[in-house]
Protein chains: 4
Amino acid sequence: MPRPRSEDRRNAIMSAAARVIASQGLGAATAVIAKEAGVSNGSLFVYFDTKTALLNELYVALKAELGAAVVAGLPVAGEAREQVRHLWTQWSQWAAAYPYRRRALAQLQVADDITAESRQRAHSAMTGAADVLEGSRAEGPMRDVPLGFVLVLISAIAEAAIDEMIREPAQAEARSSVAFDAIWRVLAGPAAPAL
Amino acid sequence: MPRPRSEDRRNAIMSAAARVIASQGLGAATAVIAKEAGVSNGSLFVYFDTKTALLNELYVALKAELGAAVVAGLPVAGEAREQVRHLWTQWSQWAAAYPYRRRALAQLQVADDITAESRQRAHSAMTGAADVLEGSRAEGPMRDVPLGFVLVLISAIAEAAIDEMIREPAQAEARSSVAFDAIWRVLAGPAAPAL
Amino acid sequence: MPRPRSEDRRNAIMSAAARVIASQGLGAATAVIAKEAGVSNGSLFVYFDTKTALLNELYVALKAELGAAVVAGLPVAGEAREQVRHLWTQWSQWAAAYPYRRRALAQLQVADDITAESRQRAHSAMTGAADVLEGSRAEGPMRDVPLGFVLVLISAIAEAAIDEMIREPAQAEARSSVAFDAIWRVLAGPAAPAL
Amino acid sequence: MPRPRSEDRRNAIMSAAARVIASQGLGAATAVIAKEAGVSNGSLFVYFDTKTALLNELYVALKAELGAAVVAGLPVAGEAREQVRHLWTQWSQWAAAYPYRRRALAQLQVADDITAESRQRAHSAMTGAADVLEGSRAEGPMRDVPLGFVLVLISAIAEAAIDEMIREPAQAEARSSVAFDAIWRVLAGPAAPAL
DNA sequence: GATGAATGAGCGTTCATTCAT
DNA sequence: CATGAATGAACGCTCATTCAT
């Protein structure tokens, strides 16, 4: 019975990868990631066949973490608006709590070697959030739009707003509020007049 | 900024860089870019001190091109809503017309070696679009929000929508319409009810 | 030479090594050899201290097998010429029967890490063949040449001929005949005229 | 007009490769070869696309050198026997003069990544020697055998004999003589009696 | 200025060997 | 003893940048 493969080491590598990628970009050397994780460079390849495999798994894992975070503690019986507000609050709090993971996720999102399958899995990890949106758009202008497209639009707003909140922390509170209102208008607002 | 011998060569290199980066990512070799531009690898470094300098200049240039495209032919005296629609139409048409440049721009947007100064310059290049937004939000919920933040949110929606339109060309028309309505709601819609 | 737990495992490893080396060359990974043998990579090093040790043992073992094969069933009382023919027939049949072992042996023959001692042991393993040659050269031109040198020359012809027989199987029969005649002329032929 | 690619550097790399491969085997690191040649490791890849390409070119070049050496100064009008003796003398002298190249050539001959095309080209480089054999076998027992096969057999004897001459330099003279007689018997000797 | 050869640090990955279980 | 995870030196190759021509 050999030393069993350790889930801890695996997690340490993924976690280190997120930190290193956040600060050095996708070009970060596997050797640096391994060192940051406290394992030998060879060990990294025991747990992940290639750097690409590591990036893909990291991407899915981070997205899953985000997907779980945004719906954690969701007021199940609450009003749609409060549910969406919960989503948004959780989202921005996750971003604030794990800035490295968020930055890494942003890089991975546009990485060339994230496979279609990984993107699919990442998408699935956001099902919880999508369900909330589904409920909230029921009577709004988005009611007949494919849910995936709605999720994409809302995610884009959320991410852009968070970027700005990070860039100017002093205004974070105010922008958070503005962003939520914008999201809610996209989802449920009545058509705007032409002025 | 010295005036090098040939502005043509300079442009050829930037244009080639956009194509190559679009298809190979930011890791594209300078030698490949040079070959695509029809110049020697040594020449590339006559026009750009480093690869990073090239990326930064390309980023600003592409953003400036986009910034100019979105306001080209703007109906100056038109209604705000029609002006924003023009913005959106131009934006998505530019994306359709120059897919390589758009892809390159998307990569550059998240590149680690784009400097804060370049981002500032890129932002400035969108002044024309910002002006339009300024006019359209005058009586809406965004009226007291910093204009830069508004631009960021609207840009995010636009880019996300275009991504999806490219991913599913058959639905492009429908999504374009949905996206415009969403943008307009963000800018000028009345507050949405809580359902 | 300690007596390890299982002679079977040891043999399995050597046999696997021959197959793997035949198809992948001397650079074949020990892990691959171990897997082919159905043991763990760690176990390989229980039976052989180093990869070099394995190669050396394999070399000697294969040479011993060949040495035994060539004299198996030797017509003890036969004419010298028939004995040499037997040698040659057996040699080429062994090559045909165990192509992997033959290929591995060919690789090992030129390997840098086969020691002088192993080469000596391998040479000794061919004593049986040498004895036959000893008898056949008694009255020929090779009568005063060191037996080892004769063996080397004859072996070289045999191996070269077999290579060609494998390369062009359709001609194998014809070439086998030519090769035997050549061997016999080397051993026992009268001096050739100058033409 | 850039610095032109230098034939000298190219030759230096090939020559260094022969020396390093002779002493360290085919596993010799490209970096070591480059250093031995007095160029940077990067430069090696300017002249040869891959290590495999270098090995192939080296193989062909060495074989061509040997092929030229064996027929240099051939007594064109001489007797067949003297011509073959010339071949053999030149062959063993080349081996003595360039022991590294000979060792490298021996390694390359069995290398897995020498292509069929390279082997073909190497074969062609020995045409001069083949022509001599063609003339000398005209009335002998090899008269109806494919010339390539004859060349292979003779080469095998030559190489094996040279190996032994190198192993025991004190006996080189004697063995050279024995080897030549053997070669001549193979080519032109009358059938040997059965004893 | 233009060219492309020269450079060498750096990369992802492999693998013989060791060692905890 | 058997196992396979752990290790880290080493490898072939790339590429931004420099420089001789």
Side-chain angles (χ1 to χ4, degrees), chain A residues 1-6 9-10 13 27-35 38-55 113, chain B residues 2 4-6 9 27-35 38-55 113, chain C residues 2 4-6 9 27-35 38-55 113, chain D residues 1-6 9-10 13 27-35 38-55 113:
Chain A
M1 248 161 294
R3 193 180 330 191
R5 221 180 269 199
S6 149
R9 288 174 93 83
R10 200 188 164 78
I13 292 168
T30 52
V32 172
I33 294 171
K35 173 171 264 185
V39 305
S40 72
N41 51 2
S43 275
L44 188 148
F45 291 94
V46 169
Y47 289 90
F48 303 93
D49 281 348
T50 62
K51 184 184 183 181
T52 295
L54 167 58
L55 295 183
D113 33 26
Chain B
R5 190 60 150 283
S6 155
R9 290 173 93 81
T30 52
V32 172
I33 294 171
K35 173 172 250 181
V39 305
S40 71
N41 55 359
S43 275
L44 188 149
F45 289 93
V46 170
Y47 291 93
F48 302 93
D49 283 347
T50 63
K51 184 183 185 182
T52 295
L54 166 59
L55 296 183
D113 32 27
Chain C
R5 190 62 148 283
S6 154
R9 290 174 93 82
T30 52
V32 172
I33 295 171
K35 174 172 250 183
V39 305
S40 70
N41 55 359
S43 275
L44 188 149
F45 290 92
V46 170
Y47 290 93
F48 303 93
D49 282 348
T50 63
K51 184 183 185 182
T52 296
L54 166 59
L55 297 183
D113 31 28
Chain D
M1 246 160 298
R3 191 181 328 192
R5 221 179 270 199
S6 149
R9 289 175 93 80
R10 199 187 165 78
I13 293 168
T30 52
V32 172
I33 294 171
K35 173 171 265 184
V39 304
S40 72
N41 49 4
S43 276
L44 188 148
F45 291 96
V46 168
Y47 289 91
F48 303 93
D49 281 349
T50 61
K51 184 184 183 182
T52 296
L54 167 58
L55 296 182
D113 34 25

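Treat the numbers as computed from the prediction; the structure is a model and nothing was measured.
- With a 3.5 Å limit on both pairing distances and Watson-Crick or G-U wobble geometry required, the stems of 3 or more pairs in DNA chain F span E:2-21 with F:2-21.
- Between B/Leu44 atom CG and E/dG4 atom C1' there is a gap of 13 Å when expressed in whole angstrom units.
- Here the C1' atom of nucleotide E/dC15 and the CG atom of C/Asn41 are 10 Å apart, to the nearest Å.
- Nearest heavy atom pair, residue A/Ile13 against residue A/Phe48, reads CG2-CE1, 3.6 Å.
- A residue-by-residue look at A/Ser6 and D/Pro4 shows that A/Ser6 has its nearest nucleotide of DNA chain F further toward the 5' end.
- Between A/Ser43 and F/dT7, a side-chain N or O to OP1/OP2 separation shorter than 4.0 Å is present.
- Rounded to whole angstrom, the span from the CZ atom of A/Phe48 across to the P atom of F/dA5 amounts to 14 Å.
- Residues B/Gly42 and C/Val32 both approach DNA chain E. Their nearest nucleotides, taken by heavy-atom distance, put B/Gly42 toward the 5′ side.
- Rounded to the nearest 0.5 angstrom, C/Leu54 CG and C/Asp49 CG are separated by 11.0 Å.
- To the nearest angstrom, P of E/dA9 lies 16 Å from CZ of D/Phe45.
- In this model, the phosphate group of F/dC15 is not approached by any side-chain N or O of B/Thr30 to a distance below 4.0 Å at OP1 or OP2.
- D/Lys35 places its NZ atom 17 Å from the C1' atom of E/dA6, with the value rounded to the nearest Å.
- Closest non-hydrogen pair, D/Ser43 versus D/Arg9, comes out as OG-NH2, 3.9 Å.
- Not one side-chain nitrogen or oxygen of D/Arg9 sits closer than 4.0 Å to the OP1 or OP2 atom of E/dA5.
- Between B/Ile33 atom CD1 and E/dG4 atom C1' there is a gap of 17 Å when expressed in whole angstrom units.
- What you find for D/Tyr47 and D/Arg10 is that their closest heavy atoms are O-NH1, 3.1 Å.
- Of all heavy-atom pairs between A/Leu44 and A/Val39, the closest is N-CG2, 4.5 Å.
- Minimum heavy-atom separation, C/Asn41 to C/Ala34: CA-CB, 3.6 Å.
- Nucleic acid contact for D/Arg10: none, since no nucleic acid atom lies under 4.0 Å from a heavy atom of the residue.
- Between the side chain of C/Lys51 and the backbone N or O of C/Ala28 there is at least one donor-acceptor pair closer than 3.5 Å.
- Across all strands shown, C/Ala28 has heavy atoms under 4.0 Å from sugar-phosphate atoms exclusively, and none from any base.
- Nucleic acid contact class of C/Thr50 (heavy atoms, under 4.0 Å, all strands): sugar-phosphate only.
- Taking atom CG on C/Asp49 and atom P on F/dC1, their separation rounds to 13 Å, with Å as the unit.
- Counting any heavy atom pair closer than 4.0 Å across all strands shown, A/Tyr47 reaches sugar-phosphate atoms only and no base atom.
- Taking for each of D/Gly27 and B/Thr52 the nucleotide of DNA chain F with the nearest heavy atom, the 5'-most of the two is the partner of D/Gly27.
- If you take CG of B/Leu54 and P of F/dT17, they are 10 Å apart, rounded to a whole angstrom.
- Picking from E/dG8, F/dA16, E/dC15 the nucleotide with the shortest atom distance to the side chain of C/Ala29 gives E/dC15.
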